[in-house]
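So that the names make sense, note that chain A is the first sequence line, chain B the second, and so on, each numbered from 1. Keep in mind that the numbers below use all heavy atoms, side chains included, and drop hydrogens, waters and symmetry copies.
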Amino acid sequence: MSEFLNGFKRTHTCGALRGSDIGKTVRLVGWVQDYRNLGGFLFIVMRDRYGITQIHVDQASPLFDQASKIRAEWVIGVEGEVISRGTNVNKKLPTGEIEVEARELRIFNRAETTPFAIHDDVDASELLRLKYRYLDLRRPCLNRNIIMRSQITRIIRRVLEANDFLDLETPVLGKSTPEGARDYLVPSRVQPGKFYALPQSPQLFKQLYMVSGFDRYYQIARCFRDEDLRLDRQPEFTQIDMEMSFIEPDDIQNICEEMISTIFKEVLNIDLPRPFKRITWDESMDRFGVDAPDIRFGMELNDITEILRGSECKLFQAVFAEKQPTVRAIAVPASVKLSRKDIESSLCDVAKTYGAKTLIWTKVANGTLDAGIAKQLTDDEKKAIIDLLKPEEGGTILMVADKLNTARNALGRVRKEIAVRNNWVPKNMTKAEDVGLTWVTDFPMFEWSDEDNRWYAMHHPFTSPRSCDWPAFERGELDKVYAQAYDLVLNGIELGGGSIRIHNIDVQKKVFAALGIGDEEARAKFSFLLDALSFGAPPHGGLAFGLDRMVMLLTGADSLRDVIAFPKTNKATDMMTEAPGDVDQKQLDELYIKTVLPDAE
RNA sequence: GGGGCGGUAGUUGAGUUGGUUACAACAACGGCCUGUCACGCCGUAGGUCACGGGUUCGAGUCCCGUCCGCCUCGCCA
């Protein structure tokens, strides 16, 4: 019942034929999207990666009996004549002017009834779709995402290679390094008890390529981080990894802008203004509350700490009793109708999710503040708030009073939530205004962890501080040291980030020391890097983009899973292969591995 | 590790206060149909109510536990 191709080669794809092809004899191959048997004749709709074409078989045809048995998702070939559909043109299809009158029919394979229909408006659960991923990928919209992913990497390679970048590989079996994400480990058979780690990124290897003189490196590299998943986070993901020697931040940013704007032009036909916007980390945190700001709309944060410092209100007094107290506010325009319930339950929950104690609110009425917190404010305080925020009559003012980081972040998240709920920010980008691109520069070099009572590198331990902050670094004022680090942010999502690296061994040692990594530990973990820096390392720096996120944003997909062909679930399982799975005891024995599971109750 | 939502026919969902034979649509199967393109019409078949306990005369429904999926906080240099 199924047969090999036996020379039945297609002359066209299922998306190719037009009215101008009428009269031609053609061969098509593909899957049966749909069939409609009208009694006197029947239609078969064939699908391949390029489109769909309707086949017509008349009852008088010797093929009719065979054709009437064909079902959805069978793999068939059709030879026939391209004919006009006359008055029955389907304007929804590029091939809608024509159909193919079948003269010969091949059935290459039959198909069981699929667990779900292969349509764009799929109604099957994601669980089922992931189990039968190869069927899910047949759906045109998912098919299109994967194809667009390939288009994007092709553009990236073209732009980078035109700029003399070399595509260089790095090892996958590497060494576990401290700091950063949890590693995926691979046991060594030939060295009992020792482990490789899969790369979280090719960071150190690309720096070593610079030391080797390769000058301009890129790689579309798979990276692995054993952390919990999110809709925009998978345990294995792909980075567009780049590194350059003898450059400053502007140089790498310019190359990236060329790459990104070429992608937007060729994939979405959007012309992006260049250079891209730039905002410092301090400014971003101040105006938007977050380090990945969505700059497509206003409603920025305001600092009203000083206005309320002496407030009689117990709520504010409690905050001012803590360290790093701040009060931030946004003015929500009157066009956004917020009921007390909207604020006190749903928006307040957003603020609480990000650690704020509560969301404080008041309304603007008759030129003053009314309702909510207003009755606990003095007239002077109200006036000062209005003078600063300049809110619309009938609008709402939302505030968070908390520790600095908590207040900014929580209110920043509320700001974005309001924008999403009111459709201020389109998911699908169709014009330049839909594209909120900005560099965020000058990140702090270090961040303090109360939990571990130590400093961590905000970017990574190989990032160079700004030379103007060197005196502060020498004085040990780590909170005043900024890094030569930069992120590229698209619509409130970090697309990528990078930095100028440390190329001086003494600086590297001092940064390690600041991070509590002593000489001995640094030697043990990074001797190869320290050695390399001592043998003539050029000034260098680079950047890495998250390819998966980039494709997700460009396709307008709802999830990273819609742009990764074979993704993992929230528990890092592949529903199709059921990885991770058990292995034979023999395999474990060879690796000197013994598993210790928690007691099952 | 925490919080929220969910799991009923192949699929997507409904299922009231615990009470007859668990319902609908789509898909499948059989039949009819000469212009469909979400074809239409008639008919047939299809159920481990996620899993394991418990309460009860009686559990899809109530209780406890487990598993799985999705969202999310922490985490992700």
Applying a 3.5 Å limit to both distances, which nucleotide forms a Watson-Crick or G-U wobble pair with [N]?
| N | value |
| --- | --- |
| B:rC5 | B:rG69 |
| B:rU17 | none |
| B:rC41 | B:rG31 |
| B:rC75 | none |

Parallel, tilted or perpendicular: rings of [Y] and [X] (30°, 60°):
| X | Y | answer |
| --- | --- | --- |
| A:Trp470 | A:Phe473 | tilted |
| A:Phe443 | A:Trp281 | tilted |
| A:Phe41 | A:Phe43 | perpendicular |

Taking the [atom1] atom in each of [N] and [M], what is the distance between them to the nearest angstrom?
| N | M | atom1 | value |
| --- | --- | --- | --- |
| B:rC5 | B:rC37 | C1' | 38 Å |
| B:rC32 | B:rC39 | C1' | 14 Å |
| B:rG52 | B:rG6 | P | 22 Å |
| B:rC51 | B:rU8 | P | 10 Å |
| B:rG60 | B:rU48 | C1' | 13 Å |
| B:rA50 | B:rA9 | P | 8 Å |
| B:rU12 | B:rG58 | C1' | 31 Å |
| B:rG54 | B:rG30 | C1' | 47 Å |

Have a look at [X] and say if it touches a base, only the backbone sugar-phosphate, or nothing, with a 4.0 Å heavy-atom cut-off.
| X | answer |
| --- | --- |
| A:Thr114 | nothing |
| A:Pro115 | sugar-phosphate |
| A:Arg182 | nothing |
| A:Glu578 | nothing |
| A:Phe446 | nothing |
| A:Asp121 | nothing |
| A:Phe462 | nothing |
| A:Leu231 | sugar-phosphate |
| A:Leu127 | sugar-phosphate |
| A:Ala457 | sugar-phosphate |
| A:Leu128 | sugar-phosphate |

Do the side chains of [X] and [Y] get close enough for a salt bridge, i.e. N-O under 4.0 angstrom?
| X | Y | result |
| --- | --- | --- |
| A:Asp574 | A:Arg133 | no |
| A:Glu236 | A:Arg225 | no |
| A:Asp562 | A:Arg129 | yes |

Within residues 39-64 of chain A, the residues having a heavy atom closer than 4.0 Å to RNA chain B are A:Gly39, A:Gly40, A:Phe41, A:Phe43, A:Gln54, A:His56
Does a side-chain N or O from [X] land closer than 4.0 Å to OP1 or OP2 of [N], or not?
| X | N | value |
| --- | --- | --- |
| A:Lys92 | B:rA38 | yes |
| A:Lys571 | B:rC68 | yes |
| A:Asn570 | B:rC70 | yes |
| A:Ser125 | B:rU12 | yes |
| A:Thr569 | B:rG69 | yes |
| A:Arg230 | B:rG74 | no |
| A:Arg36 | B:rC39 | yes |
| A:Tyr35 | B:rA28 | yes |

Hey, does the side-chain of [X] have a donor or acceptor N/O within less than 3.5 Å of a partner on the base of [N]?
| X | N | result |
| --- | --- | --- |
| A:Arg561 | B:rC70 | no |
| A:Arg225 | B:rC76 | no |
| A:Glu227 | B:rG74 | no |

First encountered from the 5' end of RNA chain B, between A:Glu447 and A:Leu93:
A:Leu93
RNA chain B: A:Glu126 or A:His460, which has the more 5' nearest nucleotide?
A:Glu126
d([atom1], [X]; [atom2], [N]) in whole Å:
| X | N | atom1 | atom2 | result |
| --- | --- | --- | --- | --- |
| A:Asp562 | B:rC71 | CG | P | 10 Å |
| A:Arg129 | B:rG69 | CZ | C1' | 12 Å |
| A:Asp228 | B:rC76 | CG | P | 11 Å |
| A:Asp183 | B:rC76 | CG | C1' | 12 Å |
| A:Lys131 | B:rA50 | NZ | P | 16 Å |
| A:Asp226 | B:rC76 | CG | P | 12 Å |
| A:Asp574 | B:rC68 | CG | P | 15 Å |
| A:Arg110 | B:rA28 | CZ | C1' | 14 Å |

Of the nucleotides [options], which has the atom closest to the [X] side chain?
| X | options | value |
| --- | --- | --- |
| A:Arg71 | B:rG69, B:rC76, B:rC29 | B:rC29 |
| A:Met575 | B:rG35, B:rC39, B:rG69 | B:rG69 |
| A:Arg85 | B:rC37, B:rC73, B:rC75 | B:rC37 |

May I ask you to check whether A:Ser346 and A:Arg421 show a side-chain donor-acceptor distance below 3.5 Å?
yes
Using only heavy-atom distances, determine whether the side chains of A:Glu99 and A:His56 contain a donor-acceptor pair under 3.5 Å.
no
Taking the six-membered ring of A:Phe224 as reference, does the NZ or CZ atom of A:Arg222 fall below 6.0 Å from its centre and within a 45° cone about the axis?
no
Please indicate whether A:Gln324 has more than 12 foreign heavy atoms, meaning atoms of other residues, nucleotides or ligands, lying under 6.0 Å from its CD.
no
Out of A:Asp282, A:Asp442, A:Asp469, A:Thr441, which one pairs with A:Tyr482 under the side-chain hydrogen bond (donor to acceptor under 3.5 Å, both in side chains) rule?
A:Asp282
Tightest non-hydrogen contact, residues A:Gly556 and A:Asn428, listed as CA-OD1, 3.4 Å
